[in-house]
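Below: one structure, written as structure tokens.
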Amino acid sequence: MRNFSAEILLSVLLLAAGGAALPAAPVATQLTADAMDYDMESGEFKAQGHVTLKREDVTLTSAYGEASTKTQKARLWRSVRVFGTYRGEKIDAVCAELTADFSVSGGSYAMKGSVDAAFGSRVLRAATARLSGQTFGAEDVTHFEDKDRNMVMTCAALSGDYDAQGLRAAEGKGNVTVVQQDEEKVSRLWCDALSYSRAADTLTGTGSAKIHVQSKSGKIQETTIECEKLDYSVGGNVVTATGNARAVQDGRRISAQTLIYHPDTGRLEAKGTPRISVDLTNLKPSPRTPAKNDAPVAESKKGGRK
């Protein structure tokens with residue numbers, strides 16, 4: 001092992017031996033630190049003190065780190081930060097530990113320990129997270145925000161992918177909650193599993209799905225819908241609830257095979273043997289109902305009283 005007390009440059013990380021072909025255009029990777037040990041036979045580096053690893057437009061920093069020229073893998077721990085540009089989008093993340101695999105095109109990163117990351121228009125806080133190519137994933141998600149859609153989600157596990165236009169598809173599993181709001185209303189969704197497809201322009205919740213829509217201005221009736229499956233057409237702004245669908249709105253309880261709800265207007269449609277019940281105790285008296293008279297006043301045909 002050789003020890004370097006000053007900064008050192010780790011040039012091109014090569015593929016491991018054993019028949020693996022060299023990359024067509026090796027990407028220079030720069031590693032610097034206050035102190036570093038290098039084993040020329042194994043190709044392994046161990047670094048500490050202001051560790052900085054730069055590859056393309058991504059920079060990794062930490063207190064400790066290690067890397068291998070043969071496996072093209074690196075590990076950094078304690079006060080880890082990732083920042084720069086990854087596949088055309090700004091990234092800035094902190095975590096307790098990070099492993100990077102540079103044998104994957106563009107690099108693959110796995111973070112764990114209080115992950116707090118901003119990537120493009122998305123914000124993620126989770127116990128673990130991974131980013132590889134155009135795919136991402138996370139576990140124990142306490143906050144996933146898509147600012148383009150004014151949406152915040154929490155769940156046990158999250159996965160998805162994106163492209164130049166942003167989020168393409170995503171899946172959330174385990175105690176999923178979603179909050180979405182605009183100037184008029186706040187919508188809250190709960191379900192066991194959630195999927196989003198940009199191609200279908202649909203958000204789908206399954207397994208004890210429930211949505212609650214509350215108006216900010218009072219113009220829209222407060223509505224709660226429960227069902228087995230809930231499809232929300234994002235562009236059409238229509239919610240379709242199927243499977244033991246039931247709703248509560250303005251003192252009414254409505255159940256049907258299918259409920260169609262329009263969040264912007266509060267309009268609710270029931271299809272397939274609907275049943276409606278009304279809670280009379282919460283109804284307000286009509287202003288046209290006489291307050292004290294026992295019976296309405298009878299009018300003659302000429303308009304005079306008898």
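Taking 4.0 Å as the cut-off between side-chain N and carboxylate O, E222 and K185 do not count as a salt-bridged pair. A salt bridge links D101 with K73: the distance from a Lys NZ or Arg NE/NH1/NH2 to an Asp or Glu carboxylate oxygen falls below 4.0 Å. Under a 4.0 Å N-O distance rule, the pair R75/E66 qualifies as a salt bridge. Between E226 and R246 there is a salt bridge, since a side-chain N of the basic residue sits under 4.0 Å from a carboxylate O of the acidic one. Classification of D116 and R125 as a salt-bridged pair holds, one side-chain N sitting under 4.0 Å from a carboxylate O. R267 has a carboxylate O that lies under 4.0 Å from a charged side-chain N of E269, or vice versa, which qualifies the two as a salt bridge.
Residues V178 and M151 form a side-chain contact, since some pair of their non-hydrogen atoms from C-beta on lies under 4.5 Å apart. Contact of the D146 side chain with the S121 side chain is registered, since non-hydrogen atoms from C-beta on lie closer than 4.5 Å. The side-chain heavy atoms of V141 and T154, taken from C-beta on, include no pair separated by under 4.5 Å. Considering only heavy atoms from C-beta on, V179 comes within 4.5 Å of V186 through its side chain. Put simply, the side chain of K173 does not reach to within 4.5 Å of the side chain of D192, judged on heavy atoms. Between E44 and D37 there is no side-chain heavy-atom pair separated by less than 4.5 Å. Using a 4.5 Å heavy-atom threshold, the side chains of L31 and F45 count as touching. Using a 4.5 Å cut-off on side-chain heavy atoms (C-beta onward), L53 and T32 make no contact.
A distance-only check finds a donor-acceptor pair linking the side chain of K216 to the backbone of D182 [under 3.5 Å]. Between the side chain of S197 and the backbone N or O of A200, at least one donor-acceptor pair lies under 3.5 Å. Side-chain atoms of S132 do not come within 3.5 Å of backbone N or O of T135 as any donor-acceptor pair. Under a 3.5 Å cut-off, the side chain of Y86 and the backbone N or O of D57 do not form any donor-acceptor pair. Side-chain atoms of S62 do not come within 3.5 Å of backbone N or O of S79 as any donor-acceptor pair.
A donor-acceptor pair shorter than 3.5 Å can be found between the side chains of E139 and T128. N244 and E228 share no donor-acceptor pair across their side chains, judged by distance under 3.5 Å alone. No side-chain donor from either of T202 and D231 sits under 3.5 Å from a side-chain acceptor of the other.
In the hydrophobic clustering of ILVMFWY residues, with side-chain heavy atoms under 4.5 Å counting as a link, I225 and I220 come out together. Both L268 and I276 belong to a single network of hydrophobic side chains, linked directly or stepwise wherever heavy atoms of I, L, V, M, F, W or Y lie under 4.5 Å apart. Side-chain heavy atoms closer than 4.5 Å link hydrophobic residues (I, L, V, M, F, W, Y) into clusters, and following such links, possibly through other members, connects V115 to V58.
Annotation for D148: atom CG counts as buried by contact number, over 12 foreign heavy atoms lying within 6.0 Å. Taking a 6.0 Å sphere around NE2 of H50, one finds it holds 12 or fewer heavy atoms contributed by other residues, nucleotides or ligands. Around atom CZ of R168, no more than 12 heavy atoms belonging to other residues, nucleotides or ligands sit under 6.0 Å away.
K70 and E41 make their closest contact through NZ-O, 3.0 Å (heavy atoms, listed as atom of the first residue, atom of the second, distance). N237 approaches P263 most closely through the heavy-atom pair O-CD, 3.2 Å. In plain terms, the two heavy atoms of A270 and A256 that are nearest each other are CB-CB, 3.9 Å. The minimum heavy-atom distance between H262 and I260, with the atom names listed, is NE2-CG2, 4.0 Å. Residues L76 and V80 come closest through the heavy atom pair O-CG2, 3.6 Å. Nearest heavy atoms, V248 versus R253: CG2-NH1, 3.5 Å.
Rounded to the nearest 0.5 Å, atoms OH (Y64) and CH2 (W77) are 8.5 Å apart. Atoms OH and CG, from Y196 and L194 in turn, are 11.0 Å apart once rounded to the nearest 0.5 Å. To the nearest 0.5 Å, atoms CG (D264) and CD (E184) are separated by 8.0 Å. Taken to the nearest 0.5 Å, the CD atom of Q180 stands 7.0 Å off from the CG atom of N150. Note that the CD atom of Q249 and the OG1 atom of T223 stand 3.5 Å from one another [nearest 0.5 Å]. To the nearest 0.5 Å, atoms CG (L203) and OG (S187) are separated by 11.0 Å.
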Test log, rule side-chain hydrogen bond (donor to acceptor under 3.5 Å, both in side chains), inputs Q221 and D250: CA-CA 7 Å; Q221 293 176 320; D250 194 28; 3.2 Å; yes

Derivation and outcome, side-chain contact (heavy atoms from CB on, under 4.5 Å), residues K229 and T204: CA-CA 7 Å; K229 181 181 178 183; T204 301; 3.8 Å; yes

Check against side-chain contact (heavy atoms from CB on, under 4.5 Å), R275 and I254: CA-CA 6 Å; R275 294 190 61 183; I254 305 169; over 6 Å; no

side-chain contact (heavy atoms from CB on, under 4.5 Å) assessment of L60 paired with L98: CA-CA 9 Å; L60 315 176; L98 178 145; 3.9 Å; yes

side-chain contact (heavy atoms from CB on, under 4.5 Å) evaluation trace for L189 with K210: CA-CA 6 Å; L189 169 67; K210 179 180 178 180; 6.0 Å; no

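By the 30° and 60° cut-offs, the orientation of the rings of Y109 relative to F102 is perpendicular.
Annotation: cation-pi pair R122/Y162 present, NZ/CZ under 6.0 Å from the ring centroid and within 45° of its normal. Under a cutoff of 6.0 Å and an axis angle of 45°, R188 and W190 do not form a cation-pi pair. Both tests pass for R81 against the ring of F83: distance under 6.0 Å to the centre and angle within 45° of the axis.
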